[in-house]
Amino acid sequence: PERRPVVLAAAAKRQRAFEGGSRGRAARPPRVLARAVERRPVREQVELDAVTYAGRQHFVPGLARPRFPPWERGWRHPWHSPGPRYEDMPLRKERACHVCHQWSRMLEGVRQALWLTKTKLVQGLPLPVLSIVDDPASQLEDQDERVKRAISHARFWETTEVAPNREKYCPVLFEDLLHLCRLMTMKNPSLAKRMLARNYRIAATWERESFLLQVRGLNGILLNSMAPIPPVASKDEVAATEEHALETFYPISPTIDLQEVNVYRELDDTGFRGGYPYPHPHTLYFLESANIRTNRFRPEQLRAKMMMFAFGNALAKAKMLYGNDPKVLEQPVVVQSVGTDGQLFQFMVFQLNTTDFVSSDGVKNLVWIDPDQQLYEKAQCIPEVKKRVVTKPTGIYGFQPDTFKKFLALYLHGTV
């Protein structure tokens, strides 16, 4: 009660000061206000040498940090030596090159790959492969049961985990299926003249209209053979591709999602040295085994990737056999491709008929695609129980035996 008059008096004093100050500022003429806010001239600053602690060889508060010239080692360290600038690199070129590598995800998928490789699409597998699929002599004894055991081995028996992830069961399933295919060597001894190559690098360069394109780098697992695959399409079918018109997707650029580089080397390399006993590419396998769904290629993107690298292997082999001059090949080069995520399979056969890609006219290449073939619908790792009753036991459901028949037919193609 005693402090209340003091507080009220202080508030009234601040109010009178505020009102008087505002009236005083408003009463000033504009010239006086202009002189009050006028900036003062900045004094000329004299550059002084910074005093550093370089001579003392230890940190001193208040002194500037010294700057020393870059230390020259006298020799090039492969890890710690700075590389040259892009403008100074000897392989730099003014013309940009669009590169397709193993992480390229094409927006338009197969349509974009068809335009880049000047190729005509045919749905389904070619007749020579389908004839092997329907031939009972080209199958294993108890084939369906063996394939089911291979699926169970990959999904249930390979690990002690309740439900193994895709990174584990996808490679195991591929190896088991490939092992079943090798059992046909007893009937066809020529299958022993093959070799499986991993971590090899391909490089192929070509021009498509005004674009310079390359396929290079690591890709899938390549099955090589001592003899090439015979042409799938006849000469009449190849000549009939001249009337085919390639589909465009304007206004989208055909090189979208390809890496544009200016430092590159125009190289055509199969990835193997001269004299390699298995020089002919046979089948290219791609495994999409990433656990995270967004890290895996969508089926359309996977088919485009398979097509680009099958084309790259065929083009590198064709240039090694027939030279770099663009022309229609006397003997087409055939390369197959298989892609899987451990459950869904993509089958492809690519036939390279020409190396002239500048114009969209003339003979086209051919590709046969059989997409989205399921080997099985579901692998039930944990039984479903409702009201203490097992309604769905563990096991493989929705098994499709025709999918493995196609897988085996592509492996036997060229020898049967």
Side-chain angles (χ1 to χ4, degrees), residues 41-107 116 167 197-208 210-222 253 255-276 279 286-287 289-292 294-295 297 305 308-309 311-313 315-317 319-320 323-324:
V42 180
R43 295 181 180 179
E44 183 179 358
Q45 297 181 358
V46 181
E47 295 184 2
L48 301 176
D49 295 336
V51 180
T52 65
Y53 53 84
R56 302 194 180 187
Q57 298 183 356
H58 63 86
F59 174 76
V60 178
L63 298 183
R65 183 179 180 180
R67 294 184 178 181
F68 300 101
W71 176 58
E72 296 293 339
R73 184 178 280 103
W75 54 281
R76 184 184 178 278
H77 197 283
W79 293 345
H80 301 287
S81 297
R85 297 173 59 87
Y86 285 107
E87 294 78 7
D88 302 333
M89 289 185 176
L91 294 179
R92 176 177 172 80
K93 300 176 179 61
E94 293 298 330
R95 185 183 183 184
C97 179
H98 301 273
V99 179
C100 176
H101 49 79
Q102 61 177 344
W103 299 114
S104 298
R105 302 192 181 195
M106 296 185 181
L107 176 66
L116 293 174
E167 288 184 354
R198 303 173 186 263
N199 298 329
Y200 80 104
R201 296 179 181 270
I202 187 69
T205 308
W206 75 100
E207 290 190 16
R208 184 74 174 94
S210 61
F211 301 104
L212 182 62
L213 304 169
Q214 274 192 357
V215 172
R216 71 185 187 194
L218 295 172
N219 54 98
I221 305 171
L222 180 64
S253 173
T255 59
I256 190 172
D257 293 328
L258 299 183
Q259 183 182 6
E260 184 176 352
V261 298
N262 289 91
V263 180
Y264 59 90
R265 181 173 54 176
E266 297 185 17
L267 179 66
D268 295 289
D269 185 17
T270 60
F272 301 92
R273 297 180 180 179
Y276 183 60
F286 291 91
L287 306 181
S289 58
N291 291 329
I292 303 176
T294 56
N295 292 343
F297 278 59
K305 175 183 175 181
M308 292 298 294
F309 278 99
F311 166 79
N313 283 272
L315 181 60
K317 185 62 180 179
K319 288 190 174 183
M320 187 180 69
N324 297 328

By salt bridge (charged side-chain N to carboxylate O under 4.0 Å, His left out), K319 pairs with (sequence neighbours left out) D268
In terms of heavy-atom contacts, L267 and T205 come closest through O-OG1, 3.0 Å
Minimum heavy-atom separation for N262 to E94, with atom names?
-> ND2-O, 3.5 Å
Taking atom CD of Q57 as the centre, report whether more than 12 heavy atoms of other residues, nucleotides or ligands fall under 6.0 Å from it.
-> no
Closest heavy-atom pair and its distance - L315, A204 = CD2-CB, 4.1 Å
N313 versus Y200, side-chain donor and acceptor atoms under 3.5 Å | yes
Distance from L107 atom CG to I256 atom CD1, nearest 0.5 Å?
-> 4.5 Å
Could you tell me the separation between the CD atom of Q102 and the CE atom of M308, rounded to the nearest 0.5 Å?
-> 14.0 Å
Check whether any side-chain heavy atom of I292 sits under 4.5 Å from a side-chain heavy atom of T294, and report yes or no.
-> yes
Side-chain donor/acceptor of K317 to backbone N/O of G312, under 3.5 Å = no
Across all chains, not counting sequence neighbours, the ring pair (Phe, Tyr, Trp, His ring centres under 6.0 Å) partners of F286 are none
Is R92 atom CZ crowded by more than 12 heavy atoms from other residues, nucleotides or ligands, each under 6.0 Å away?
-> yes
Does a salt bridge link R95 with E266, judged by any charged N lying under 4.0 Å from a carboxylate O?
-> no
Value for CG (N199) from CG (N219), rounded to nearest 0.5 Å, stands at 10.0 Å
Quick one: are R216 and I202 in side-chain contact, heavy atoms under 4.5 Å?
-> no
Would you check if the distance from the ring center of W206 to the ring center of F311 is below 6.0 Å?
-> yes
Rounded to the nearest 0.5 Å, how far apart are OG of S104 and CD of Q259?
-> 7.5 Å
Flag side-chain contact, heavy atom, 4.5 Å: C100 against L258 = yes
Which atoms form the tightest heavy-atom contact between R65 and Y53, and what is the distance?
-> CG-OH, 3.5 Å
Would you indicate whether the side-chain heavy atoms of L91 and Y264 approach each other to under 4.5 Å?
-> no
Verdict with reasoning, L212 to Q214, per side chain to side chain contact (heavy atoms under 4.5 Å, CB included) = CA-CA 7 Å; L212 182 62; Q214 274 192 357; 5.8 Å; no
Salt bridge (charged side-chain N to carboxylate O under 4.0 Å, His left out) partners for E167, two or more places apart = none
Count the heavy atoms of every other residue, nucleotide or ligand shown that sit under 6.0 Å from CZ of R201, and state whether that count exceeds 12.
-> no
Pairwise distance CG(L63) to CZ(R56) - rounded to 0.5 angstrom = 6.0 Å
More than 12 heavy atoms of other residues, nucleotides or ligands under 6.0 Å from OH of Y86: is that the case?
-> no
Donor-acceptor under 3.5 Å (S81 side chain, P78 main chain) = no
Kindly give the heavy-atom pair with the smallest separation between R208 and L116, and that separation in Å.
-> CD-O, 3.7 Å
Taking distance alone, no hydrogens or angles, what donor-acceptor pairs closer than 3.5 Å link side-chain atoms of residues 66-74 to residues at least two apart or in another chain?
none

Heavy atoms, side chains only, cut-off 4.5 Å: are V99 and L213 in contact?
-> no
Ring pair (Phe, Tyr, Trp, His ring centres under 6.0 Å) with W75: which residues, sequence neighbours excluded?
-> H77
In this structure, CZ of F297 is separated from CE of M106 (nearest 0.5 Å) by 9.5 Å
Sequence neighbours excluded, which residues qualify as side-chain contact (heavy atoms from CB on, under 4.5 Å) partners of E260?
-> A96, H98
